[in-house]
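Values below: every heavy atom of this structure, side chains too, minus hydrogens, waters and symmetry copies. Heads up: numbering here begins at 1 and tracks the sequence.
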Amino acid sequence: MKINPVLHRILLMSSGIWQRGKEEEGVYGFLIEDIRKEVNRASKLKCCICKKTGASIGCVAPRCKRSYHFPCGLQRECIFQFTGNFASFCWNHRPVQIITSNNYRDSLPCTICLEFIEPIPTYSILRSPCCKNAWFHRDCLQVQAINAGVFFFRCTICNNSDIFQKEMLRMGIHIPEKDASWELEENAYQELLQHYEHCDVRRCRCKEGRDYNAPDSKWEIKRCQCCGSSGTHLACSSLRSWEQNWECLECRGILYNSEDFQKAKKHTLPNTNNVGITDCLLEESSPKLPRQSPGAQHKDLLRQGSKFRRDISTIIMELGFQIKKKAKRLWINKANIWNSALDGFRNQNFNPSYTIEVAYVNENDNFGREHPGSKQEFLSLLMQHLENSPIFEGSLSKNLSLNSQALKENLYYEAGKILAISLVHGGPSPGFFSKTLFNCLVYGPENTQPILDDVSDFDVAQMIIRVNTATTVADLNSIVNECYNYLELIGCLRLITSISDKYMLAKDILVYHVIKRVQAPFESFKQGLKTLGVLEKIQTYPEAFYSIFCHKPENLSAEILSDLFTVRTLSNVQSLGFWNSYLQAVEDGKSAVTMEDILTFATGCNSIPPAGFKPTPSIECLHMDFPVGNKCNNCLALPITNTYQEFQENMDFAIKNTLRLEKEESTHYIGH
């Protein structure tokens with residue numbers, strides 16, 4: 001009988017059951033009568049995460065009473081040790097990797113997927129115990145362990161297996177007792193001998209279909225010269241001959257800079273980028289994994305279903321591969337953030353692919369002093385200004401406005417360029433675009449139908465409403481005569497012969513006001529949005545980008561902030577307890593500050609950027625009276641106090657007044 005491996009892992013981790021039988025008895029040695037008793041025991045325990053019963057797993061830390069389901073524990077970043085007594089630790093008591101000193105100033109690559117990470121031990125980032133400069137994503141390690149098995153899972157740098165496996169088991173990496181997947185598969189590399197023959201362009205013109213291939217004709221399939229795992233008919237990409245070079249969209253995005261081509265290409269090799277640790281531990285690990293060429297592995301991730309679907313953070317991180325280590329410093333005046341940002345971005349030496357460093361200056365400071373600034377705070381303030389600037393109109397969902405001065409100064413182009421730079425460099429979600437504006441960017445204005453809510457001009461909106469509600473031809477002609485000059489000016493004047501003509505008239509007015517009227521600003525804005533290949537990505541993955549362009553980020557909660565901030569060093573246990581209680585009090589409205597205030601105080605952003613924070617937000621406890629937020633490092637220093645009441649009062653006072661003073665200092669930045 002085949003047993004679900006997830007059930008096996010739940011039995012191993014459950015707190016009230018032991019393996020009393022032989023391996024072939026019951027379920028992997030767990031007797032049926034013992035399983036029934038454990039089910040009965042768990043039915044009385046409530047999961048501290050999802051609040052449902054059946055929580056059979058408990059944290060082994062002394063005095064900790066948390067119980068949870070196995071999947072819930074994985075989502076909340078609990079650690080399960082698949083060795084020894086199969087201990088489980090909740091998020092507050094899980095084992096951590098301690099390093100005596102951190103001499104790493106720059107990001108280092110994960111030695112499995114080669115993606116750059118901050119060399120700070122967290123739940124998601126682990127360090128090799130045998131090679132001090134080897135760092136890994138937890139997800140990458142778990143995928144490698146599932147594929148390699150106990151016989152081939154070892155350090156990627158020095159090939160040590162004993163010390164490496166012992167530490168990874170301690171940190172919750174599951175290493176199955178099986179042979180490596182590539183050792184169990186027959187003809188593992190057979191696919192490498194096959195040619196890719198499929199047209200992948202957006203609009204295939206071949207009537208015979210995408211798989212049709214006719215050599216020595218315009219319907220011959222040409223493969224991508226870089227990855228070889230994407231193709232096009234010659235005619236579908238306007239290629240005159242086979243000799244012409246052609247790259248697919250993914251490879252073309254990498255080829256922005258020839259210097260970074262080889263480095264960037266490495267990021268497309270692993271097939272583990274979108275595989276989460278939850279997927280690995282909850283899915284049955286098959287011994288047979290198909291072998292493909294590196295390029296084909298990457299493309300298969302794009303074509304597969306929900307588990308491997310591209311999410312927005314992955315797409316933006318891919319765009320971030322273009323960013324070089326060479327830095328460009330921007331001197332920013334918070335009191336005039338828009339103009340100082342424009343000066344920096346328009347500078348002839350500015351390159352959007354350079355790493356951005358921010359220094360805050362004050363024009364009233366006679367000594368010309370500068371202070372290091374947070375890049376993410378700067379980009380957040382810039383997005384707030386952009387949302388409230390006169391180049392957009394509307395209340396919540398905004399469209400482009402027609403502003404002659406902005407058009408003259410080329411501000412629509414600059415706005416698109418700044419928005420693109422902000423996204424690629426880790427800025428916040430825009431969140432204020434109307435669906436109509438977004439659809440114009442993706443599908444083109446000619447394929448977009450605006451709605452009445454897109455009209456911000458009260459008089460024009462009233463005119464459209466009157467046209468739509470007219471009941472007779474006489475009423476409709478009366479409205480046309482009344483608005484004759486305006487309709488003639490915008491080219492919407494038409495002869496009314498029946499009441500049904502009102503629908504076409506209303507549509508013409510709507511399309512003119514929302515789309516045709518702002519055609520010049522739209523084209524300029526679109527050109528700016530092409531910076532760093534952002535517009536191309538938007539048009540390739542519209543569903544992913546719709547979520548951040550047209551929707552505000554989800555409201556912060558105590559749970560989200562608790563998970564977001566990692567404990568930086570060994571900290572005061574009482575203060576950490578006060579911190580969790582404080583977050584709950586803020587969520588319950590029992591504090592003078594909000595969740596957004598706390599995040600702004602620590603990072604400069606009032607929401608979590610689509611690509612996440614870099615570096616990861618952290619907390620530490622220091623012997624001082626009030627908290628300190630270091631926005632450059634996203635670090636929040638908590639005060640060590642004797643009572644919770646003192647802790648909350650000091651937190652409220654510092655956060656509320658710091659944000660108030662910062663707002664007063666830059667009170668004019670939105671208006672400039």
*Work out which heavy atom in L45 is nearest to a heavy atom in S67; give both atom names and the distance.*
CD1-OG, 4.3 Å
_Using side-chain contact (heavy atoms from CB on, under 4.5 Å), reason through T643 and F647 one step at a time and then give a plain yes or no._
CA-CA 6 Å; T643 66; F647 181 89; over 6 Å; no
*Carefully, step by step, assess T540 and I315 under the rule side-chain contact (heavy atoms from CB on, under 4.5 Å).*
CA-CA 10 Å; T540 306; I315 297 169; over 6 Å; no
*Can you check side-chain contact (heavy atoms from CB on, under 4.5 Å) on W579 and M651, steps first, answer last?*
CA-CA 10 Å; W579 162 249; M651 291 288 289; 4.2 Å; yes
_Nearest heavy atoms of C47 and C50, plus distance in Å_ = SG-N, 3.4 Å
*Has K552 got more than 12 heavy atoms of other residues, nucleotides or ligands less than 6.0 Å from its NZ?*
yes
*Mind listing the closest non-hydrogen atom pair of A145 and I173 along with its distance?*
CB-CG2, 3.9 Å
*Within the distance-only criterion (no hydrogens, no angle test), does the side chain of K178 pair as donor or acceptor with the backbone N or O of V150 below 3.5 angstrom?*
no
*Quick one: does D563's side chain get under 4.5 Å of Y123's, heavy atoms only?*
no
*Is the F164 to F136 ring centre distance short of 6.0 Å?*
yes
_Please determine whether the number of non-hydrogen atoms from other residues, nucleotides or ligands lying under 6.0 Å from atom CD1 of I163 exceeds 12._
no
*Is the distance between the ring centroids of F70 and F80 less than 6.0 Å?*
yes
_CA sep, side-chain torsions, deciding dist, call: I117, H137, side-chain contact (heavy atoms from CB on, under 4.5 Å)_ = CA-CA 8 Å; I117 55 179; H137 291 108; 2.9 Å; yes
Check: residues 603-618 side-chain donor-acceptor pairs under 3.5 Å, at least two apart:
{"residue": "T603", "atom": "OG1", "partner": "L599", "partner atom": "O", "Å": "2.7"}
{"residue": "T603", "atom": "OG1", "partner": "C605", "partner atom": "N", "Å": "3.2"}
{"residue": "T603", "atom": "OG1", "partner": "C605", "partner atom": "O", "Å": "3.4"}

*asked:* Is there a salt bridge (charged side-chain N to carboxylate O under 4.0 Å, His left out) between R36 and E33? Walk through the geometry before answering.
replied: CA-CA 5 Å; R36 287 174 178 160; E33 58 188 53; over 6 Å; no
*Return yes if a side-chain donor-acceptor contact under 3.5 Å exists between S56 and Y68, otherwise no.*
no
*Of the non-hydrogen atoms in K631 and T600, which two are nearest, and what is the gap between them?*
CE-O, 3.4 Å
*Could you tell me whether the side chain of Q142 and the main chain of D139 form a donor-acceptor pair under 3.5 Å?*
no
*Within 6.0 angstrom of N85 CG, more than 12 heavy atoms from elsewhere*: no
*Please, which pairs that meet side chain to side chain donor-acceptor pair (under 3.5 Å) have at least one residue in residues 90-99, sequence neighbours excluded?*
Q97-E167
*Not counting sequence neighbours, which residues clear salt bridge (charged side-chain N to carboxylate O under 4.0 Å, His left out) with D597? List them please.*
none
*asked:* If we ignore hydrogens and angles and just use 3.5 Å, is the side chain of H425 paired with the main-chain N or O of I323 as donor and acceptor?
replied: no
_Check: S581 side chain, G577 main-chain N or O, donor-acceptor pair, under 3.5 Å_ = yes
